[in-house]
Engineer: 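Here it is, the structure in full.
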Amino acid sequence: AALQALKRKKRYEKQLSQIDGTLSTIEFQREALENSHTNTEVLKNMGYAAQAMKKVHENMDLNKIDDLMQDITEQQDVAQEISDAISNRAAFGDEFDEDELMAELEELEQEELNKGMRDVRLPSVPSTSLPSRPGKLLACHFAFLVITACSSTRKRTEDEDEMKQLAAWAS
């Protein structure tokens with residue numbers, strides 16, 4: 001009886017193994033069918049999308065689109081030129097060469113500087129004899145006096161020139 005029970009057990013195990021294999025095969029086939037169905041649906045939807053895009057693009061012509069884009073670009077260029085023309089300052093006074101004007105300005109400044117230097121009043125020379133080698137303090141004092149006299153004369157000259165220009169402008 002025990003031997004018969006072992007044989008039955010082996011048969012049942014063999015049947016269980018066969019049934020398990022069959023179930024695995026059926027499961028693989030079911031998954032393959034699902035994938036095929038999914039692929040079919042995706043392919044149909046892609047076909048619908050292609051037809052819809054074809055219908056939308058039916059009325060579009062690439063040459064018309066290129067022409068339209070060129071027109072847009074040209075109009076943008078025209079708008080930019082108009083904007084540039086409006087925003088640039090008026091061209092009054094541009095007929096003069098800037099280098100020549102700068103050179104003339106430098107000449108006038110040099111003349112004013114020379115004139116200012118002629119009007120500089122230097123302190124009188126001391127009547128006492130100076131040491132053979134003046135100290136640093138004396139040299140610094142002399143430089144300060146010269147600079148002060150030059151700057152006050154220059155400032156006075158500039159103020160007088162500005163007043164003359166204002167008077168000429170007002171009249």
Side-chain angles (χ1 to χ4, degrees), residues 1-113 116 135-137 139-141 143-144 146-148 150-152 154-155 157-159 161-163 165-166 169-170:
L3 190 57
Q4 283 296 336
L6 276 175
K7 284 183 183 181
R8 241 182 294 154
K9 180 185 170 198
K10 289 287 183 188
R11 250 191 347 250
Y12 289 147
E13 285 178 354
K14 188 176 179 183
Q15 266 184 334
L16 184 61
S17 177
Q18 286 176 344
I19 291 171
D20 196 31
T22 303
L23 286 176
S24 292
T25 302
I26 291 172
E27 192 173 325
F28 284 133
Q29 286 177 343
R30 183 183 56 81
E31 288 174 2
L33 283 171
E34 284 177 359
N35 287 340
S36 294
H37 180 67
T38 302
N39 290 340
T40 303
E41 289 300 315
V42 168
L43 193 59
K44 279 183 194 177
N45 288 330
M46 288 175 72
Y48 294 144
Q51 287 175 355
M53 287 176 67
K54 188 182 275 188
K55 193 171 190 176
V56 167
H57 291 136
E58 210 171 65
N59 296 329
M60 290 185 195
D61 182 18
L62 288 178
N63 292 330
K64 289 180 183 178
I65 293 171
D66 285 340
D67 292 342
L68 179 64
M69 293 307 293
Q70 286 177 352
D71 288 344
I72 290 171
T73 302
E74 288 174 8
Q75 292 308 311
Q76 287 175 339
D77 291 342
V78 168
Q80 184 63 41
E81 288 177 14
I82 291 170
S83 176
D84 290 345
I86 290 172
S87 65
N88 283 343
R89 64 181 183 88
F92 300 118
D94 285 346
E95 63 270 3
F96 301 109
D97 183 20
E98 193 167 323
D99 292 334
E100 289 178 14
L101 291 175
M102 289 303 292
E104 187 175 344
L105 179 63
E106 286 177 15
E107 278 182 38
L108 291 172
E109 287 175 345
Q110 187 62 43
E111 285 177 18
E112 286 296 317
L113 181 64
K136 288 184 183 179
L137 182 61
C140 288
H141 181 66
F144 173 77
V146 170
I147 290 171
T148 305
C150 288
S151 65
S152 64
R154 176 186 280 165
K155 177 69 175 150
T157 305
E158 288 175 1
D159 289 345
D161 289 342
E162 286 179 4
M163 289 303 289
Q165 288 176 352
L166 282 172
W169 178 78

Engineer: Side-chain contact test, heavy atoms from C-beta onward, threshold under 4.5 Å: evaluate it for L108 versus E111 and give yes or no.
Structural biologist: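 Yes, close enough: below the 4.5 Å cut-off.
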
Engineer: Partners of K9 by salt bridge (charged side-chain N to carboxylate O under 4.0 Å, His left out), sequence neighbours excluded?
Structural biologist: E13

Engineer: Is it the case that atom CG in L105 sees more than 12 heavy atoms from other parts of the structure closer than 6.0 Å?
Structural biologist: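 Above 12, so yes.
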
Engineer: How long is the gap from CG on D77 to CD1 on I72, to the nearest 0.5 Å?
Structural biologist: 12.0 Å

Engineer: Would you compute the distance between atom CG of L62 and atom CE of M69 and round it to the nearest 0.5 angstrom?
Structural biologist: 12.5 Å

Engineer: Calculate, to the nearest 0.5 Å, the distance between atoms OG and CD belonging to S83 and Q76 respectively.
Structural biologist: 12.5 Å

Engineer: For a side chain to side chain contact (heavy atoms under 4.5 Å, CB included) check, start with the C-alpha distance between T25 and Q29, then their side-chain angles and the critical distance, and finish with the verdict.
Structural biologist: CA-CA 6 Å; T25 302; Q29 286 177 343; 4.2 Å; yes

Engineer: Run the side-chain hydrogen bond (donor to acceptor under 3.5 Å, both in side chains) test against E109 and tell me which residues pass, sequence neighbours left out.
Structural biologist: none

Engineer: Could you grab the distance from atom CG of L23 to atom CZ of F28, nearest 0.5 Å is fine?
Structural biologist: 11.5 Å

Engineer: Donor-acceptor pair, T22 side chain versus Q18 backbone, under 3.5 Å?
Structural biologist: yes

Engineer: Applying salt bridge (charged side-chain N to carboxylate O under 4.0 Å, His left out), can you list everything that pairs with E104, at least two apart in sequence or on another chain?
Structural biologist: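 Not a single residue meets the salt bridge (charged side-chain N to carboxylate O under 4.0 Å, His left out) criterion with E104.
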
Engineer: Sort and list the pairs that fulfil salt bridge (Lys or Arg N to Asp or Glu O under 4.0 Å) and have at least one residue in residues 45-59, not counting sequence neighbours.
Structural biologist: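 Not a single pair qualifies under salt bridge (Lys or Arg N to Asp or Glu O under 4.0 Å).
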
Engineer: Quick one: pull up CD1 in I26 and CG in L33 and give me the separation to the nearest 0.5 Å.
Structural biologist: 11.5 Å

Engineer: Applying salt bridge (Lys or Arg N to Asp or Glu O under 4.0 Å), which residue pairs with at least one partner in residues 61-72 are found, sequence neighbours left out?
Structural biologist: none

Engineer: Which salt bridge (Lys or Arg N to Asp or Glu O under 4.0 Å) pairs, counting each pair once, include a residue from residues 30-43, with sequence neighbours left out?
Structural biologist: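 Residue pairs passing salt bridge (Lys or Arg N to Asp or Glu O under 4.0 Å), neighbours aside: R30-E34, E41-K44.
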
Engineer: Backbone N or O of M53 within a donor-acceptor pair of the H57 side chain at under 3.5 Å?
Structural biologist: yes

